[in-house]
Amino acid sequence: MPSAKDIEQVDVLLVGAGFASYTLLNRLRRLGYNVKIYEKGAASGGIWYWNCYPGARVDSDTPIYQLFDKELWSEWTFKDRYAGWQELRDYFQFVDKKWKISEHVTYNKHVDSAVFDEDRHQWLVETSDGSEIYANWFLPCIGFASRRYTPPFPGLGNFRGDIYHTAVWPQHGVNLKGKRIAEIGTGASGTQVIQEIGDKAKELTVYLRTPNMCLPMNQRKLDPEEEERKKKDGTYEAEIEKTRHTFAGFTYDFLKKKTMEDTPEDREKFYHKLLIEEGGFRFWLNTYDDMLFDKDANYEAYKFWRKSVLARLTDKKKAEILAPETPPHPWGTKRPSLEQRFYEVVDQPHVKIVDINKSPIQEVQEKGIVTKDEGLIEVDVIILATGFDSVTGSLAQLNIQGVKGGTIADHWKDGTKTSMGIAMPEFPNMFFLYGPQAPTAFSNGPSCTQFQAEWVEKVFKLIKEQGITRLESTQEEEDDWCRRMSEEWNKSLFPLAKSWYQGANIPGRKVEPLNWAGGMVAYVETLDKSISNDFQGWHVQ
Ligand code: N01
C-alpha cells in the first residue's frame with residue numbers, strides 16, 4: 001500500500017471523455033487547475049465511442065450539436081445536418097488535437113470507487129487497474145446512458161447465434177447482410193438499427209412493446225459553402241445563442257399559443273409545416289404550448305401524426321401496431337425518434353413485427369425466439385436495443401461513498417435526490433454533469449453540458465478567489481429541488497407514459513421524475529442563484 005503522500009494528486013478529476021468533460025477541461029485548465037480525465041473506453045467521444053451500432057446518428061441538428069466554441073465551429077463543418085457516429089468521432093479527434101485534450105486523458109481507465117477523505121478534503125479514487133489518485137474535486141461526467149439494460153428473457157444464454165446489444169456494439173462492426181435477424185426494442189437505438197439493416201437482412205423480425213411515435217428527420221447533406229456563409233454572416237452565432245433562451249436548449253421553442261386557438265384548417269397547416277416540411281423535433285418542441293399539458297390538445301397532435309404515418313404504410317396489421325387509433329400514451333411523453341424511411345423499411349414483406357403485448361416472448365431457444373402466438377421464429381442474430389438503466393444508473397452503479405459512508409445508490413434508496421441535478425449533500429466537492437434531475441434528456445446535450453460547465457467554471461473561480469477547500473450543498477437546497485422537480489413533472493402529461501424518463505423501463509424500479517421538466521432557462525437561473533449571496537445554497541469551508 002503506498003502511503004498517502006506517494007499517491008498521485010490532482011486538482012480536478014473528470015470521469016468520461018465526452019462533451020461535458022471536454023468543455024470543463026478547457027475551462028478549468030484556463031483557470032489554472034490541474035485537470036485529468038479518466039475514460040473507460042479506448043477513445044474519446046463519450047456516448048459516441050460506444051454508440052456505433054448500424055445507423056447510429058444524433059437527433060439534434062447542426063450547428064447546435066457541437067461544442068459552443070467559436071474557434072472550433074469556425075474550423076469544423078459537419079457533412080450531414082444530423083451527424084452520424086463516425087463523423088462525431090472525427091469531430092472529437094479534431095477537438096482533441098485543437099485543444100490538446102488527450103494529454104490529460106487516461107483511456108481504458110475504469111473508476112471502481114471514490115471515497116471522500118474528510119481530513120484532507122479530497123476524494124480518493126481507485127480504478128480497476130489498482131491505481132489510486134487524490135482529487136480535490138471529483139466530477140463524474142458519464143452521461144445518462146452508461147448502464148445498459150438487458151431484460152431477463154428466459155433462455156437468452158442458450159441462443160447459439162450471435163447476440164448484440166446496441167449499447168456495446170462491436171467496434172469492428174458486424175456483417176448482417178443476408179442474415180435472419182431478431183430485433184428487440186424500438187427506442188432511438190432500435191429505430192435506427194431497423195431502418196439501417198432492414199434492407200440488408202434476409203428476414204427481420206421486430207419484437208415491439210410500445211410503438212415509437214417517430215418524426216421525420218429530414219436529413220440532408222450540408223453544403224460547405226452555405227455553412228461557411230452562415231458562419232461568416234452571424235447565423236451560427238445567433239443559432240447557438242438561441243439555445244440559451246429556449247425550454248430544451250434547441251434553437252426553437254413552444255409557441256405562446258394554445259392548440260384550440262387555431263381553426264382546424266390553420267392547425268392542420270401548422271402541423272404540416274412542423275412535421276412534414278421542417279421535420280426534426282419541431283413537431284414536439286416548437287408546437288402549441290399546451291401539447292404536453294392538455295389531453296385534448298395532445299390528441300389533436302396525435303391524430304395528425306397518425307394520419308401522416310398511415311399514409312406511408314400499406315400493411316394494415318403493421319399500421320395498427322405502429323400507429324393505433326388509441327395511443328399507448330399521450331403524444332411526445334415518451335421520447336420520439338427521428339426516422340429516415342423507417343416506415344417504408346418495416347412495411348416490406350420480409351420485415352415482420354410481433355406485438356409482444358399480445359404475443360409475449362416466452363423464451364429464447366438455441367435457434368431463435370418463441371412467442372405465444374408465433375411459436376419459434378428461427379434467427380441467426382438477436383439484436384437487443386433494450387436501452388439503459390437510464391439517468392440514475394450511470395452514477396448509482398459506481399461505488400462513490402459520501403461522508404457518512406453510504407454510496408449514491410444508498411442516498412437514493414427511497415428515491416432520487418439531488419441539489420439542482422448537479423450535486424448532493426453528503427458528497428462534498430463533487431459535481432456531476434448531464435445526470436439526474438437536470439434538463440439532461442429533455443435537452444440538446446451540448447447545450448445542457450455547456451450551461452452546466454459555465455456554472456462550474458464560475459464556482460471554480462470563486463473557489464480559487466476565496467480559498468475554498470470544501471463545498472457541500474445544503475439539505476434545504478436538495479429538498480427544495482426535489483419538491484420543484486415533482487411540481488413541474490406533475491403539471492405535465494409526462495407521468496402518463498411508461499417511459500425511462502421516469503424509470504418505468506426497469507421492472508421494480510421506483511417510478512419518479514428523473515429529468516427537470518421546468519426548462520433550461522429556469523434551471524440555469526436556479527444554479528446561479530444558489531451561488532449568489534455568498535453561496536447561500538452551500539456549506540463552505
Ligand atoms: O433505449 P430506450 P434506446 N421486452 O429505452 C424496449 C438516447 N439515444 O437505447 O418502450 C421488450 O429508448 C422498450 O420498450 P418500451 C436517447 O435519449 C439517442 O433506444 O419500454 N422490449 C424500448 O422500445 C434515447 O431515448 C440516440 O415498451 C423491451 C426499447 O427496448 C435513449 O438514449 C440514439 C423490454 C428501449 O428503448 C435511449 O435509447 C440512441 C422488454 N423486457 C440513444 N425492455 C439518438 O440521438 C425494454 N424494451 C438518435
Side-chain angles (χ1 to χ4, degrees), residues 18 46-48 50-61 65 80 82-85 88 143-154 156 164-169 182-196 205-215 217 219 248 280-281 284 321-322 327-329 332-340 342 353-357 359-364 369 371 382-391 393-394 434 439-446 448 497-509 511 514-515:
I47 194 71
W48 299 109
W50 302 101
N51 259 3
C52 60
Y53 58 79
R57 180 175 294 287
V58 71
D59 277 350
S60 295
D61 56 353
Y65 199 79
D80 291 339
Y82 295 89
W85 66 270
L88 284 159
F144 71 81
S146 70
R147 185 172 195 204
R148 69 180 178 278
Y149 174 62
T150 299
F153 297 118
L156 190 61
Y164 301 103
H165 195 298
T166 44
V168 279
W169 198 263
E183 196 281 345
I184 308 177
T186 50
S189 308
T191 301
Q192 292 187 326
V193 168
I194 291 164
Q195 69 191 7
E196 184 72 17
T205 309
V206 175
Y207 293 85
L208 181 146
R209 192 164 68 177
T210 312
N212 190 333
M213 300 176 194
C214 302
L215 301 169
M217 179 177 259
Q219 170 72 309
F281 283 142
W284 193 32
I321 297 173
L322 294 168
H329 49 260
T333 53
K334 226 171 154 159
R335 186 185 186 276
S337 291
L338 301 191
E339 56 83 25
Q340 304 175 72
F342 173 79
I353 301 181
V354 178
D355 178 350
I356 58 172
N357 296 301
S359 177
I361 293 176
Q362 292 179 323
E363 63 170 334
V364 181
I369 297 180
T371 55
I382 296 176
I383 296 178
L384 299 168
T386 45
F388 302 88
D389 181 354
S390 299
V391 195
S394 305
Y434 207 48
T440 308
F442 287 160
S443 70
N444 171 47
C448 185
K498 268 183 95 182
S499 72
W500 61 260
Y501 284 155
Q502 52 175 348
N505 61 325
I506 305 292
R509 196 196 177 294
V511 175
L514 296 176
N515 299 277

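Just so we're clear, the structure is a prediction, and the values are computed from it rather than from any experiment. As the structure lists them, so they are numbered: ligands from 1, and atoms in each ligand from 1.
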What part of [X], side chain, backbone, both or neither, has a heavy atom within less than 4.0 angstrom of ligand 1?
{"X": "Ile356", "result": "side chain"}
{"X": "Trp50", "result": "neither"}
{"X": "Tyr207", "result": "neither"}

Top protein contact for [atom], by heavy-atom distance:
{"atom": "atom 44 (C) of ligand 1", "answer": "Arg57 O, 3.3 Å"}
{"atom": "atom 25 (O) of ligand 1", "answer": "Arg335 CD, 2.9 Å"}
{"atom": "atom 41 (N) of ligand 1", "answer": "Pro151 CB, 3.3 Å"}
{"atom": "atom 36 (O) of ligand 1", "answer": "Gly187 CA, 3.5 Å"}
{"atom": "atom 8 (N) of ligand 1", "answer": "Ala188 CB, 3.9 Å"}
{"atom": "atom 9 (O) of ligand 1", "answer": "Ser189 OG, 2.6 Å"}
{"atom": "atom 46 (C) of ligand 1", "answer": "Arg209 NH2, 3.6 Å"}
{"atom": "atom 12 (O) of ligand 1", "answer": "Trp500 NE1, 3.3 Å"}

Quick one: does [X]'s side chain have a donor or acceptor within less than 3.5 Å of a partner on [Y]'s backbone?
{"X": "Asp389", "Y": "Tyr149", "result": "no"}
{"X": "Asn51", "Y": "Ala56", "result": "no"}
{"X": "Asn357", "Y": "Thr210", "result": "no"}
{"X": "Thr440", "Y": "Asn515", "result": "no"}
{"X": "Lys334", "Y": "Lys498", "result": "yes"}

Give a yes/no on ligand 1: does [X] have at least one heavy atom closer than 4.0 angstrom to it?
{"X": "Thr386", "value": "yes"}
{"X": "Lys498", "value": "no"}
{"X": "Phe144", "value": "yes"}
{"X": "Tyr53", "value": "yes"}
{"X": "Ala385", "value": "yes"}

What atoms of ligand 1 come within less than 4.0 Å of a heavy atom belonging to [X]?
{"X": "Thr186", "value": "22 (C), 23 (O), 29 (C)"}
{"X": "Gly185", "value": "6 (C), 23 (O), 29 (C), 30 (O)"}
{"X": "Val58", "value": "45 (O)"}
{"X": "Gln192", "value": "33 (C), 48 (C)"}

[X] N/O to ligand 1 N/O under 3.5 Å:
{"X": "Lys334", "answer": "yes"}
{"X": "Asp59", "answer": "yes"}
{"X": "Thr210", "answer": "yes"}

Centroid-centroid distance, Tyr501 to Phe442, less than 6.0 Å:
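Yes, the ring of Tyr501 comes within the 6.0 Å limit of the ring of Phe442, centre to centre.
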
If you compare all heavy atoms of Ser394 against all heavy atoms of Gly143, which two are closest, and at what distance to 0.1 Å?
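Shortest heavy-atom separation between Ser394 and Gly143 comes out as OG-O, 3.0 Å.
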
Mind checking whether Tyr65 and Trp48 have parallel, tilted or perpendicular rings, split at 30° and 60°?
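Correct class here is perpendicular.
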
Can you tell me how far CD of Gln219 sits from CZ of Arg57, rounded to the nearest 0.5 angstrom?
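Taking CZ in Arg57 and CD in Gln219, the distance rounds to 5.0 Å.
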
Shortest heavy-atom approach to atom 37 (C) of ligand 1 - which of Trp85, Tyr501, Phe388
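Checking each option, the heavy atom nearest atom 37 (C) of ligand 1 is found in Phe388.
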
Any non-hydrogen side-chain atom of Ile369 less than 4.5 Å from a side-chain atom of Thr205?
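A side-chain contact is absent here, since even the closest heavy-atom pair is not under 4.5 Å.
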
